[in-house]
Amino acid sequence: MSIHIVADTKSIAPTVLLPGDPLRARHIAQTYLTDVTQYNEIRGMFGYTGYWQGHRVSVQGTGMGMPSFSIYANELIDSYGAKRLVRVGTCGTMSEKLKLKDILIAQAADCDSAMNTSRFGSYQYAPTASFELLHRAYEHAKAAGIGFAVGNVFTSDQFYDMHGDQKKQIAQSVGTMAIDMETCELYTLAHLKGVEALTLLTVSDSLLTGEQVNPKERQSTFNAMVDIALLTLFS
């Protein structure tokens with residue numbers, strides 16, 4: 001048993017979907033899974049295990065930002081034996097190639113956090129997705145005929161950042177397509193701990209135009225991303 005996830009060690013599947021919002025975790029469990037059990041409610045960070053088309057899968061909320069995400073990912077891997085982790089979240093686009101409601105399959109993550117500096121010192125580590133998961137997600141997204149792109153995401157430590165415009169310009173100059181707050185930590189932990197990881201992100205707003213997807217449309221587009229995630233993991 002761990003500190004922030006309090007569950008029997010066998011109650012969590014080796015494959016876990018990771019939305020930031022615990023209410024999205026509940027939505028995924030109620031919408032997609034059968035024979036669902038809730039294994040965690042500590043701090044309101046809901047976790048569920050059930051079955052999708054006969055495949056056992058868990059869904060765990062992680063909160064916002066790398067520090068919160070790191071707590072749940074570490075505990076899932078170290079205490080509960082998670083082997084495949086897929087973040088299903090939202091992002092803001094800063095690329096003309098990625099429109100509202102499209103899905104970004106994140107191949108790698110830039111970052112402004114000090115967490116990897118603390119780990120690696122002056123060594124500039126490049127966190128990347130697990131290739132097999134990324135390749136399968138690409139094939140399923142292509143077959144589904146949905147709007148999507150494969151590219152880098154900028155994982156930011158700050159949502160309200162006084163240097164945000166400057167960082168956006170740097171990110172755009174090297175072709176980074178969108179911004180989130182968790183992917184760098186997922187990909188770093190996956191490589192350090194020898195597990196598979198992928199991030200799929202629904203574009204909920206544009207840093208170029210200021211447009212946002214309204215909540216109802218966001219939910220339906222989020223479902224399309226979860227479809228791709230489950231197909232990637234189990235077909």
Side-chain angles (χ1 to χ4, degrees), residues 17-28 30-32 59 61-66 68-69 86-113 127 129 134 137-138 140-187 198-232:
L17 297 180
L18 302 170
D21 186 347
L23 296 181
R24 285 186 181 153
R26 184 171 68 185
H27 169 79
I28 293 170
Q30 292 176 343
T31 304
Y32 287 92
V59 187
T62 63
M64 296 179 66
M66 287 176 57
S68 179
F69 183 93
V86 176
R87 166 163 154 68
V88 283
T90 58
C91 67
T93 178
M94 48 186 164
S95 170
E96 298 285 354
K97 298 178 181 179
L98 198 60
K99 309 299 184 184
L100 289 182
K101 299 187 283 186
D102 284 353
I103 294 171
L104 175 63
I105 303 172
Q107 64 182 2
D110 308 334
C111 193
D112 64 359
S113 173
L134 186 146
Y138 168 81
H140 284 298
K142 186 177 179 181
I146 60 176
F148 79 98
V150 178
N152 285 15
V153 63
F154 167 45
T155 297
S156 175
D157 241 3
Q158 302 177 75
F159 189 87
Y160 299 107
D161 188 348
M162 63 186 295
H163 300 296
D165 288 341
Q166 178 184 8
K167 292 176 184 178
K168 182 182 75 173
Q169 290 174 3
I170 295 171
Q172 289 174 310
S173 74
V174 294
T176 298
M177 302 185 74
I179 183 169
D180 85 335
M181 298 184 71
E182 294 83 21
T183 297
C184 181
E185 184 65 3
L186 171 60
Y187 287 179
L198 179 67
T199 285
L200 302 177
L201 300 168
T202 296
V203 178
S204 60
D205 58 280
S206 172
L207 280 68
L208 302 177
T209 66
E211 296 174 289
Q212 297 182 348
V213 178
N214 70 52
K216 186 174 182 180
E217 289 180 308
R218 185 178 298 189
Q219 192 64 68
S220 63
T221 308
F222 185 85
N223 287 349
M225 175 179 58
V226 176
D227 288 333
I228 298 300
L230 291 167
L231 287 168
T232 296

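Values below: every heavy atom of this structure, side chains too, minus hydrogens, waters and symmetry copies. Keep in mind that what you see is a predicted model, and the values were worked out from it rather than measured.
- Put simply, NZ on Lys99 and CG on Leu208 are 8.0 Å apart, with the number rounded to the nearest 0.5 Å.
- Closest non-hydrogen pair, Pro127 versus Tyr187, comes out as CB-CB, 3.6 Å.
- Looking only at side-chain heavy atoms (C-beta outward), Glu185 and Thr155 stay at 4.5 Å or farther from each other.
- Rounding to the nearest 0.5 Å places CD of Gln172 at 8.0 Å from OG of Ser95.
- Atom CD1 of Ile28 is separated from atom CZ of Arg26 by 12.5 Å, given to the nearest 0.5 angstrom.
- Here the options are Asp161, Asp110, Thr176, the test is side-chain hydrogen bond (donor to acceptor under 3.5 Å, both in side chains), and the partner is Lys167; only Asp161 passes.
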Next on the checklist: Walk me through whether Lys168 and Leu207 qualify under side chain to side chain contact (heavy atoms under 4.5 Å, CB included).
Outcome noted: CA-CA 9 Å; Lys168 182 182 75 173; Leu207 280 68; 3.9 Å; yes
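- Of all the heavy atoms in Val88 and Ala229, the pair that sits closest is CG1-CB, 3.9 Å.
- Closest approach of Ser68 to Gly63, counting heavy atoms only: OG-CA, 3.6 Å.
- Contact check for Phe154 versus Asp112: side-chain heavy atoms found under the 4.5 Å cut-off.
- The two residues Pro19 and Leu17 come nearest to each other via the heavy atoms CD-O, 3.4 Å.
- For the pair Val86/Thr232, no side-chain contact is recorded, criterion being any heavy-atom separation below 4.5 Å from C-beta on.
- The backbone N or O of Ile228 lies less than 3.5 Å from no partner atom in the side chain of His140, so there is not a single donor-acceptor pair.
- Met225 and Gly89 get closest at one heavy-atom pair: CE-O, 3.3 Å.
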Item to check | Steps toward side chain to side chain contact (heavy atoms under 4.5 Å, CB included) verdict (Ile105, Leu134) | outcome: CA-CA 7 Å; Ile105 303 172; Leu134 186 146; 4.0 Å; yes
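- With rounding to the nearest 0.5 Å, the separation of OG1 in Thr183 from CG in Leu198 is 9.0 Å.
- Side chains of Met177 and Asp102 form no contact here, defined as non-hydrogen atoms less than 4.5 Å apart.
- For Thr93 (side chain) and Ser206 (main-chain N/O), no donor-acceptor pair under 3.5 Å exists by modelled atom type.
- You'll find the side chain of Cys184 reaches within 4.5 Å of the side chain of Met66, heavy atoms only.
- A salt bridge between Arg87 and Asp180 is present, with a side-chain N of the basic residue lying under 4.0 Å from a carboxylate O of the acidic one.
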Checklist entry - Should Gln107 and Asn152 be marked as a side chain to side chain contact (heavy atoms under 4.5 Å, CB included) after you check the CA-CA gap, both sets of side-chain angles, and the distance that decides it? => result CA-CA 6 Å; Gln107 64 182 2; Asn152 285 15; 3.1 Å; yes
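- Distance alone, capped at 3.5 Å, is enough to place a donor-acceptor pair between the Glu182 side chain and the Gly65 backbone.
- One finds the CD1 atom of Ile103 at 10.0 Å from the SG atom of Cys91 (value rounded to the nearest 0.5 Å).
- Residues Asp157 and Ser113 have side chains that bring a donor and an acceptor to within less than 3.5 angstrom of each other.
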Next on the checklist: Thr90 vs Leu201, test: side chain to side chain contact (heavy atoms under 4.5 Å, CB included). Steps then yes/no.
Outcome noted: CA-CA 5 Å; Thr90 58; Leu201 300 168; 6.0 Å; no
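- With a 4.5 Å cut-off on side-chain heavy atoms, Tyr32 and Asp227 count as touching.
- Side-chain contact between Asn223 and His27 is present, with heavy atoms from C-beta onward closer than 4.5 Å.
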Next on the checklist: Could you walk me through whether Glu211 and Thr209 satisfy the side chain to side chain donor-acceptor pair (under 3.5 Å) test, starting with their C-alpha distance in whole Å, then the side-chain angles of each, then the deciding distance to 0.1 Å, before giving a yes or no?
Outcome noted: CA-CA 5 Å; Glu211 296 174 289; Thr209 66; 2.9 Å; yes
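- In this structure, CG on Leu100 lies 11.0 Å from OG1 on Thr202, to the nearest 0.5 angstrom.
- Smallest separation of non-hydrogen atoms from Met64 and Met181: CE-SD, 4.3 Å.
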